[in-house]
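What you see is a predicted model, and the numbers here were worked out from it, not measured in a lab. The chains referred to below are lettered A, B, ... by the order of the sequence lines, with proteins before strands, and numbering in each begins at 1.
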Amino acid sequence: MNPLAFDFMQRALIAALLVGLAAPAVGVFLVQRRLSLMGDGIGHIALTGVALGFLLGTAPVLTAVVVASIGAVVIELVRQHGRTGGDVALALMFYGGIAGGVLLIGLSPEGGNASLLSYLFGSLTAVSPTDVVVISVLSGALLLTLAVVGRQMFAVCHDEEYAKVAGLPVRTLNLLLAVMAALTVTVAMRVVGLLLVSALMVVPVATAQQLVRGFRATVVVALGAGVLASVSGVLGSFYTNTAPGALIVVVALGCFALASVGGVLVRHRRRTFGDLLVAPPALTTTKEPTPR
Amino acid sequence: MTDAVIDLRGATVAYDGRAALTGVDLHVAPREVVAVLGANGSGKSTLIRAVLGLIPLAEGDLALFGTPFLHFHDWTRIGYVPQRGGATTGVPATVREVVSTGRLALTGLRRPRAADREAVDRAIATVGLSDRAGDSVSTLSGGQQQRVLIARALTCDPELLVLDEPTAGVDAASQAGLAETLGELANGGATIVLVAHELGPMTPLITRAVTMADGRVLHDGAPPDSDHLHLHDPEHAHPVHEPHPSSRHVWGLR
């Protein structure tokens, strides 16, 4: 049975490919700031957006984009100005988002449990032709934006105060990152589902960290791991008839486990053999400073 | 008359209603090397953070290079070395990646060119970390991480270098190396303002010392006698180590 023979699988695979690229590309900056759970918080808020779409009879993706973006900006503003710590702000969003979502779906006439589940855990048949267009445009915009402001974003996430003194538009970049995280969540929710979308933003990055030393290298490996997990997860769920989100995350975690073992072996080899290979007599390591 | 590099007048800063700075004046002329001294909580770090605009002034006026702060955008003229701690984050970054962010004040959104990469390599070489440029910052020692932050501040060849506790938790050899680098920059015409607990090998470089206590300037003038520097307790002076001749050219040593 060739999965590519089905239109819905073609659409699901295109979406998986784009989501596998966009989610870790944005997620790496959240991990860098130690805000790994922010994607989760936004995912919960987006549920309220989806439910609002059911209630109003509009496309749930659109209301999810709007509500998730507002929620992400609020989280960021609380982080910047509030006395509440970032983690407490996230917790409030978690609870508020889920409660609001369940409440609104209860009120809506047609929001059945089945469609709710497809938003929570992803669904192969859920990706409509319109969804493919929306996902392509949004993930293309996300990747293009990062190609332009990625260096600045790295500087801000690395050291916010220094970035201010370097004259970077720190507040704007922080808000931009929050909105990009919200867009990523809504882009990914059809395939991965709202409850698991954050995993695709974080786990490939964690996987890359086991293997490489630099930020750029981390991004490259994370994108590869993200695409591998999302595409193979979608394919696997076609054969096993399971929710793609769950399988994508299981594959991603499997990659992480393999990378952890690989990373330990590499570091062990470096420690055991590296010193023997590279340590010359002490005198020759003493370098004169380069004159200015 | 040349403009003062830093012109801070009547600065008052409050955290949660508690005054951290009260009516502080700080004027720094070109080519001065000013040490801001004081005990913990005296307001010395607050003072330089206020000078950089990182903390808003409740009262007072600030001008940098003769330009009122609100209109100042020439950030390439300033190199800032924050307290160590910001050197590592959730995702590993190499020495070169971190130092490269210093160049963003100049490059903006455009892609880095050969000249930018050379400036980054030069800054890394200045602090003696060329052989570690591709390594993750988190694998470096405390003194080496401090040097990464210094290199980052040097990438735009700043006219004013501001350092917050650059010697805190840094071993003696690295302190001597830092003193040497700062000496070369000062000879090249840079203005330097640094916050310190102890000056150590940097003592001969200092042209002026500002001593803070309780958010006010206690003393502003000639640096303390280098043989009997006593920052914390005037009753119990302790000598400062003069830079030993053999401590020159030590960035490469650990």
Checking B:Gln145 side chain against B:Val137 main chain: does a donor-acceptor pair fall under 3.5 Å?
yes
Does B:Leu160 offer a backbone N or O that forms a donor-acceptor pair with the side chain of B:Arg77 under 3.5 Å?
no
Whatever's closer than 4.5 Å to a heavy atom in chain B on A:Val205 counts as side chain
Counting heavy-atom pairs under 4.5 Å with chain A, the top scorer among B:Ala93, B:Pro82, B:Gly188 is B:Ala93
Report the relative orientation of the aromatic rings in A:Phe29 and A:Phe215; use parallel for angles under 30°, tilted for 30 to 60°, perpendicular for over 60°.
tilted
Counting only N and O atoms by type, is there a donor-acceptor contact under 3.5 Å from the side chain of A:Ser198 to the main-chain atoms of A:Asp40?
yes
Which answer fits B:Leu109, side chain, backbone, both or neither, if we ask what part of it has an atom under 4.5 Å from a heavy atom of chain A?
both
Quick one: which of B:Leu54, B:Thr94, B:Asp135 has the most heavy-atom pairs under 4.5 Å with chain A, could you say?
B:Leu54
Is there a side-chain contact between B:Arg117 and B:Arg103 (heavy atoms, below 4.5 Å)?
no
Would you kindly say whether B:Ser174 and B:Gln146 are connected by a side-chain donor-acceptor distance under 3.5 Å?
no
Chain A contact via B:Arg96 - side chain, backbone, both or neither, heavy atoms under 4.5 Å:
neither
Of the listed B:Gly108, B:Ser100, B:Gly53, the one with the largest count of heavy-atom pairs under 4.5 Å with chain A is B:Gly108
So which residue, A:Gly167, A:Ala217, A:Ala208, ends up with the most heavy-atom pairs under 4.5 Å with chain B?
A:Gly167
Counting only non-hydrogen atoms closer than 4.5 Å, does A:Arg216 touch chain B with its backbone (N, CA, C, O), its side chain (CB onward), both, or neither?
both
